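Working notes for the structure below.
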Protein chains: 2
Amino acid sequence: MDDRPIDSRKERILRAIIDDYIQTASPVGSRTISRKYETSLSSATIRNEMSDLEELGYLAQPHVSAGRVPSVKAYRLYVDRLLEPGTVPQDPQAKAYFSQRVHQMEDVITTAAQAISEFTRYTAVVMMPKQLELRVSTLQLVPMPRGSALLVIVTDTGAIRDTVIRVSEGLDGDALYAISRMLTEHLAGRTLQDVQEMLGTYSRQMGGDAQVLQGIADLASQMARQSATDTVTVGGSHNILNYPEYSDVEKARAFLSVLEEKEKLMALLPDGRDAFTVRIGPEMGMEEMDGCSVVTASYQVGADHNGFVGVIGPTRMPYGRVLSALSAVGSALSEMLGE
Amino acid sequence: MDDRPIDSRKERILRAIIDDYIQTASPVGSRTISRKYETSLSSATIRNEMSDLEELGYLAQPHVSAGRVPSVKAYRLYVDRLLEPGTVPQDPQAKAYFSQRVHQMEDVITTAAQAISEFTRYTAVVMMPKQLELRVSTLQLVPMPRGSALLVIVTDTGAIRDTVIRVSEGLDGDALYAISRMLTEHLAGRTLQDVQEMLGTYSRQMGGDAQVLQGIADLASQMARQSATDTVTVGGSHNILNYPEYSDVEKARAFLSVLEEKEKLMALLPDGRDAFTVRIGPEMGMEEMDGCSVVTASYQVGADHNGFVGVIGPTRMPYGRVLSALSAVGSALSEMLGE
DNA sequence: TGTTAGCACTCTCGACCGTTGAGTGCTAAC
DNA sequence: GTTAGCACTCAACGGTCGAGAGTGCTAACA
C-alpha cells in the first residue's frame, strides 16, 4: 500500500467524504463535496482528487458509477487526527446523562453500559479493571443454619468474596470466631497465591478441620481466578440494528453472538493502557467484526488499576462525538470508584 | 368467536397443519396434508375441512391462493393437548447437555440460560425464585481496612448479602465481634421488615454507633427489595435471528429491546405456580411480542420457593420438544439448588 | 351424505425488460 | 492547475409476463 503523505487539500476532501459518509451511509459523489464542503472547487477538480485518493488506497468505489466510500486506511487517518493529544474534550451532556442514572453503587458498571448505549445509540461495553496480587486482609466465618458457615475473605483493596462451607455441627458462633481470629492472624497480608500454598502447612496445626481449610483454599483460588479475568458488561446490544449496515440479518446475528461469548468479546478490547483507542474493522482480526469499530476510553481506579468504557458500532461512526461521551463517562466512573 | 368443539378428524388435520407449519414456516396447502399426513383422504376433502376450520377461527389465509396458517386459537388447542397432565416427558439429552456445562455453583443460573438457548436454539430465560418473609439468622461485622467494616446478613434460607459501612476507627476485630453478637442476639429470627422497624428502638441502647445501625437498616431494606424482585437471566438472545419471522430487522430490534428491559421482560413471565405454561403471542398483551410464545417450566427450591426456566421464540415452535427440554433442565436445577 | 375429480380463478413470486439518474473518466479549453 | 462538457456505466425502480401453488365450486360417484 502506498504511504506517501497527502497534501492538505486532499486531506480536507477526504475528511469531507468521511464526514458525509458517516451521516448518510451511502457513497459520496464529487458533486456533493463540491456543493456542501468545498464550494470553491468544481466537481471536476474534486473528481481528480478523488481519483488520486482512490489510487492511494483511501477511497473505494462499490461500483463504477457510485460515489466513493472511505477505506479502513482513510478512517485510520481520520481517527489518528482526532486522537492527537489533548483533542478529546469531555461531553458534559453524556456525563450528566450518566450521573442522573446512577442510583446504587453496586451496579454502576451496568448503569454505565446502559447509559452509554442509550446516549450514543450504539452498543456499549464497560470493563472493570483486573486486580492482580490481592492480599488477604481479614478472613471470617459467619455461622449459618445446619452445620454450615459462610466464609468471607476481605482483601486489602476492599474486594470481598464469600462461599458457604460445611463445618462440624458442634461449632457455635464463638468457636467460629476463634477460628477466624487464628486464621486471620496467620494469613493476613499474604497474597491469594500464598494462601493456597500455605494451607498444607497449617492443616496440621488446625487439628483436623480440613473442611474449613479446603473451603479457604477453594475460595482463594476462585478469587484469584476471578480477579485476574476482568468483568465486562454489555449494554444496548440491540442498537446495532439501528444501522443500515446491519440490516442483513446474518451479519447482525454474527455480531450479537460475539457479544455473548465472553472470550471473543474480550479479544475485541484493547490490552494496553492508552487513554483512548480506536480499532477499526479488519484491524481486530475477527471476521464477524469486519464492518465494526471499537472505541474505548480508559478510566483509573486507585493508583494503577484501569478499566475501559467503550462503544462497538459500525465503522461509519461519529468518532469525535463517541470519544467525547466515553471520555466523560470514564472520568465520572473514576470519580465514583476512586473513593 | 365460535367455540363449538371440533370432531376428531378436524383436529387431526389441524394438528397436521400446525406440525407442518412449525417445520416449514410457510402456509400449508391441502395437497401437502393429503400426501404427507392424511394419505387416505384426497386434497379436496382436506380442502373442505380446512375451509370449515377457517370459519371456526383456527386457520387463516395470508392471501387467497396461499395455504393456511394456524391462528392463535389453533396453537392454544394444540398446546393445551400437550399440557394435559402427565404428558410432558423429560428430555434426557437436554439434562445431560446442561449438567455437563455446570462447573461452578455460583453461576448455575447463567449456565442454565446458556445451555437451554444452545440446546433449543431459542432465546432462554431463567428466573430465580422470589423469596418473601426472609428471617435474619446471623448478622456479622467483618473488619476491613481504613475504618470500614463489612456487614454480612445471613438469612434462615441461607441467602447472604453484604455491604460495606463505615465504623469508628477505634473498633478492632474483637469489638466488632462483640457488637455482632449483640446484634445477632437481638435481631435473629426477625423478618427483614421487622429489622428495619426495630432499629429506631435499639439506637438508644446501642449508645451512639448510629452508622452501624443505619448500615443495617439500609442493607435489610435492600435485601428485602431484592429478594422481592426476582432475578432473571437471559441467554442466547441472538437466536431469534435464526427464524425467518424475525428477518425483519425492525421486529428483531423490538424483540431484543424487550429482553433488555427488566420490567417488560418480567411481564412476559407467568406469575402463577403452574408446572408448565405456554403463553402465545397476543395473550401476553405486548405488541412487540405478538409473533412470539413464551414457554416455561417451574422448578422448586426448598419447600415453597419456585422459579422458572423458559424459552422465548416464534409462535411457530416445537412446543413438545421445548417443554421436554425445559422440564429436564428445571428438575436438574431443583436437584442442584435443593441441597 | 360424504368424498372426490376436474376446472376456472386468484394471487405471489421471480425473471426480464426499458428507463432514469447519479456519478465517473476523459478531453479540450481556459 | 482548473473547469465545462460529454459519452459512458451501472444500480435502482417500475412494469409486464408467465409459472406455480392453492383455492372454491360444481358435478359425479359411493
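The sequence lines fix the lettering, A, B, ..., with proteins before strands; numbering per chain opens at 1. Since this is a predicted model, take the numbers as computed values, not measurements.
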With side chains defined as the heavy atoms from C-beta onward, is the minimum distance between [X] and [Y] less than 4.5 Å?
X	Y	value
Met289(B)	Arg279(B)	no
Lys36(B)	Asp20(B)	yes
Met317(A)	Thr120(A)	no
Val278(B)	Arg76(B)	yes

Between [N] ([atom2]) and [X] ([atom1]): distance, integer Å:
X	N	atom1	atom2	value
Leu41(B)	dG2(C)	CG	P	14 Å
Gln61(B)	dC9(C)	CD	P	18 Å
Arg47(B)	dA27(D)	CZ	C1'	14 Å
Ile33(B)	dT23(D)	CD1	P	10 Å
Arg68(A)	dA22(C)	CZ	P	17 Å
Asp52(A)	dT24(C)	CG	C1'	14 Å
Met50(A)	dC26(C)	CE	C1'	16 Å
Asn48(B)	dT23(D)	CG	C1'	11 Å

### Message
Base, sugar-phosphate or nothing for Ser40(B)? Non-hydrogen atoms, less than 4.0 Å.
### Response
sugar-phosphate
- Touch check for Ser30(A), heavy atoms < 4.0 angstrom, all strands: base, sugar-phosphate only, or nothing?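 Answer is sugar-phosphate: Ser30(A) comes under 4.0 Å of backbone atoms only.
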Margin query: So that I know where these two stand, are Phe255(A) and Tyr246(A) an aromatic pair - ring centroids less than 6.0 Å apart?
Written below: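 They qualify: ring centres under 6.0 Å apart.
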### Message
Quick check on Arg253(B): does its CZ atom have over 12 non-hydrogen neighbours (other residues, nucleotides or ligands) under 6.0 Å away?
### Response
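Yes - once you tally the heavy atoms of other residues, nucleotides and ligands closer than 6.0 Å, there are more than 12.
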Distance check: side-chain N/O of [X] vs OP1/OP2 of [N], anything under 4.0 Å?
X	N	value
Arg35(A)	dA22(C)	no
Ser51(B)	dT23(D)	no
Arg31(B)	dA5(C)	no
Ser42(A)	dT2(D)	no

The test is salt bridge (Lys or Arg N to Asp or Glu O under 4.0 Å); show your working for Arg121(B) and Glu118(B) and say whether it passes.
CA-CA 5 Å; Arg121(B) 310 248 302 146; Glu118(B) 279 170 34; over 6 Å; no
So CG of Leu41(B) and CD1 of Ile33(B): to nearest 0.5 Å the spacing works out to 11.0 Å
(message) For Arg321(B), is there an ion pair with Asp91(B) - N to carboxylate O distance below 4.0 angstrom?
(response) no
Taking for Pro27(A) and for Ala44(A) the nucleotide of DNA chain C with the nearest heavy atom, the one nearer the 5' end belongs to Pro27(A)
For DNA chain C, the dot-bracket notation using Watson-Crick and G-U wobble pairs below 3.5 Å, [ ] for pseudoknot-type crossings and | for other-strand pairs, is ||||||||||||||||||||||||||||||
Under a 4.0 Å heavy-atom criterion, the protein footprint on nucleotides 11-20 of chain C, written with B, S and -, is BS--------
Checklist entry - Is there a donor-acceptor pair closer than 3.5 Å between any side-chain N or O of Ser324(B) and the backbone N or O of Gly320(B)? => result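 The answer is yes, because a donor-acceptor pair under 3.5 Å joins these two groups.
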